[in-house]
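Along the sequence shown, residues are numbered consecutively beginning with 1. As the structure lists them, so they are numbered: ligands from 1, and atoms in each ligand from 1.
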Amino acid sequence: MYGLTEDDLDIQKRARMFADEVIPYEGQAELAGGELPADLAAAHAARARELGICATNMPKELGGGGCTTLQQVLVQEQVGRVTNALAWPVSTPPSWLPAVATPDQLERYVKPAVRGEREECYAITEEDAGSDVSAIEATARRDGGGGGGYLLNGVKWHVTSFNTADFAFFQAKLVGGPHDGEHAMFFVDLPSPGVSVVRTPAYSHTISHHHPIVAFTDVHVPAANLVGAEGDGMTFAYEWFRFERLMVAARCLGAAERLTGEMTAFAVTRRVGGHPISEFGLVAGMLADSLTELFAARSLAYETARGIDRGGDVKVAHAQCSMAKLYCSEMAGRVADRAVQVFGGRGYMRENVAERFYRELRVERIWEGTSEVQRAIIAGQMAKRGPAALA
Ligand SMILES: Cc1cc2nc3c(=O)[nH]c(=O)nc-3n(C[C@H](O)[C@H](O)[C@H](O)COP(=O)(O)OP(=O)(O)OC[C@H]3O[C@@H](n4cnc5c(N)ncnc54)[C@H](O)[C@@H]3O)c2cc1C
């Protein structure tokens with residue numbers, strides 16, 4: 001099905017094997033605030049590397065998988081079958097980075113990230129700048145100290161994985177100089193003097209990765225930590241969004257697949273009034289709608305990936321990644337809601353996969369651009385290029 005090649009099926013199988021191996025630990029993680037014992041978490045990370053499913057998006061020359069976009073989707077789809085972020089060791093370092101990284105940055109950041117030795121986090125969003133990244137107030141000034149570096153200031157929100165990361169991408173507006181007011185991105189090693197956690201709020205999901213509010217106060221970075229050129233910051237964000245939106249879509253497919261499987265298995269065995277509940281039309285409708293939407297969503301996401309692999313127009317890809325993210329995340333949300341309903345009271349128990357996905361999937365409609373932002377992008381491209389160019 002879906003015209004997958006032998007190579008596609010092989011990497012999909014390895015990723016599925018990993019997901020199946022970590023799924024049994026979900027309940028334990030859920031009840032322990034998302035944490036597994038350190039040796040177990042390390043074993044999972046090592047297993048993901050052993051199966052060759054990490055850094056699938058990075059070039060082979062740098063030690064990555066050099067996989068097609070479709071293969072990356074197939075891997076992330078399996079990651080999405082797992083709750084509590086237990087499959088996050090299947091990491092994807094930023095694929096836009098090798099093209100702009102200096103030889104020194106390749107050695108210090110990119111290659112260690114590909115090898116799984118250093119992990120990144122993203123410090124972009126602020127209290128008053130989420131959907132509209134151009135509104136950020138963080139600043140980068142050339143450091144007058146003679147070293148040619150920068151002084152970074154700003155308070156960043158929702159910095160995912162700050163508690164486990166070895167370095168942050170920090171986005172700021174330049175103050176002074178020829179690019180005054182433009183964006184720039186910097187590597188900030190963690191820990192660094194001047195970088196401190198303001199607070200660590202609790203979120204709906206139960207995972208070991210935190211999303212703290214982080215203050216950067218007069219943080220000095222050398223000029224060698226500038227990513228690309230001054231003024232490039234926004235370009236990186238857009239490229240990253242395209243990739244990450246498609247991967248969000250892929251993970252939502254995996255979640256919906258798991259949920260449709262679990263709710264069907266329950267519905268055919270759970271008997272009420274002497275009948276399996278799958279025989280009740282209202283329950284059958286929930287099952288049928290879920291699988292139908294999953295099939296439609298998967299076809300959309302795979303075709304979007306194939307379009308990128310064919311080297312299509314980047315603006316068309318941008319709109320299609322938005323369509324995939326929008327539809328797959330909303331589809332998965334509907335499927336999770338139905339799954340809770342099909343499981344009845346059991347669907348409200350934290351030990352039940354439907355309950356966990358019901359909470360965990362909610363953020364897929366928010367991060368990497370909300371559903372409203374995706375709709376605005378799609379409609380904007382429709383007006384510019386005409387619907388026929390996009391679908
Ligand atoms: C768990 C989690 C992890 C995150 N991780 C990171 C991270 O690692 N790094 C990082 O930098 N950020 C991260 N984020 C931030 C995330 O990207 C933002 O929350 C998201 O982009 C939305 O921004 P906002 O929360 O400020 O909402 P706002 O931009 O304030 O939006 C509020 C509402 O207004 C709507 N809206 C906004 N603009 C428009 C418009 N033009 N048209 C129609 N409606 C609109 C939105 O859709 C939304 O419904 C994370 C967020 C969460 C929840």
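- The distance criterion of under 3.5 Å between nitrogen or oxygen atoms is met by Tyr122 with respect to ligand 1.
- Looking from atom 2 (C) of ligand 1 to the surrounding protein, the closest heavy atom is Trp367 CE3, 3.5 Å.
- Between Thr370 and ligand 1, an N or O atom pair is found at a separation short of 3.5 Å.
- Using a 4.0 Å cut-off between a side-chain N of Lys or Arg and a carboxylate O of Asp or Glu, Arg142 and Glu230 qualify as a salt bridge.
- Side chains of Leu4 and Leu74 form a contact here, defined as non-hydrogen atoms less than 4.5 Å apart.
- With Phe169 as the fixed residue, the ring-ring contact (aromatic ring centres under 6.0 Å, His included) test singles out one of Tyr122, Phe162, Phe216: Tyr122.
- In this structure, atom 43 (C) of ligand 1 lies nearest to the protein heavy atom Glu372 CB, 3.7 Å.
- Of all the listed residues (Ile366, Val373, Ile136, Thr160), Thr160 holds the heavy atom that lies closest to atom 5 (N) of ligand 1.
- Between the side chains of Ser208 and Glu35, no donor N or O sits under 3.5 Å from an acceptor N or O.
- Scanning the protein heavy atoms around atom 53 (C) of ligand 1, the nearest turns out to be Val363 CG2, 3.6 Å.
- One side chain, Glu77 or Tyr302, offers a donor N or O that lies under 3.5 Å from an acceptor on the other.
- Among protein heavy atoms, atom 36 (N) of ligand 1 sits closest to Ser131 OG, 4.4 Å.
- Counting only heavy atoms, the protein gets under 4.0 Å from atom 46 (C) of ligand 1.
- Residues Gln171 and His183 bring a donor and an acceptor atom of their side chains to less than 3.5 Å of each other.
- Within a 4.0 Å radius of atom 33 (C) of ligand 1, the protein has no heavy atom.
- The hydrophobic cluster containing Leu86 also contains Ile23, counting ILVMFWY residues as joined when their side-chain heavy atoms lie under 4.5 angstrom apart, directly or transitively.
- Shown here, atom 40 (C) of ligand 1 is out of close reach of the protein: none of its heavy atoms lies under 4.0 Å off.
- Protein heavy atoms are absent from the space less than 4.0 angstrom from atom 30 (O) of ligand 1.
- Annotation: Thr125 places an N or O atom under 3.5 Å from an N or O atom of ligand 1; distance criterion only.
- At under 3.5 Å, not a single nitrogen or oxygen of His205, backbone or side chain, sits near a nitrogen or oxygen of ligand 1.
- Among the atoms of His158, some N or O lies under 3.5 angstrom from an N or O of ligand 1.
- Annotation: cation-pi geometry satisfied between Arg245 and Phe241 (NZ/CZ under 6.0 angstrom from ring centroid, within 45° of ring axis).
- To the nearest 0.5 Å, the span separating NZ on Lys111 from CD on Glu107 amounts to 3.5 Å.
- Closer than 4.0 Å to atom 49 (O) of ligand 1 lies at least one heavy atom of the protein.
- Distance from atom 24 (P) of ligand 1 to its nearest protein heavy atom, with residue and atom name: Gly130 CA, 3.9 Å.
- With respect to the salt-bridge test (charged N to carboxylate O, under 4.0 angstrom), the residues Arg334 and Glu293 qualify.
- Between the side chains of Asp132 and Ser134, at least one donor-acceptor pair of N or O atoms lies under 3.5 Å.
- Ligand 1 has a nitrogen or oxygen under 3.5 angstrom from a nitrogen or oxygen of Ile124.
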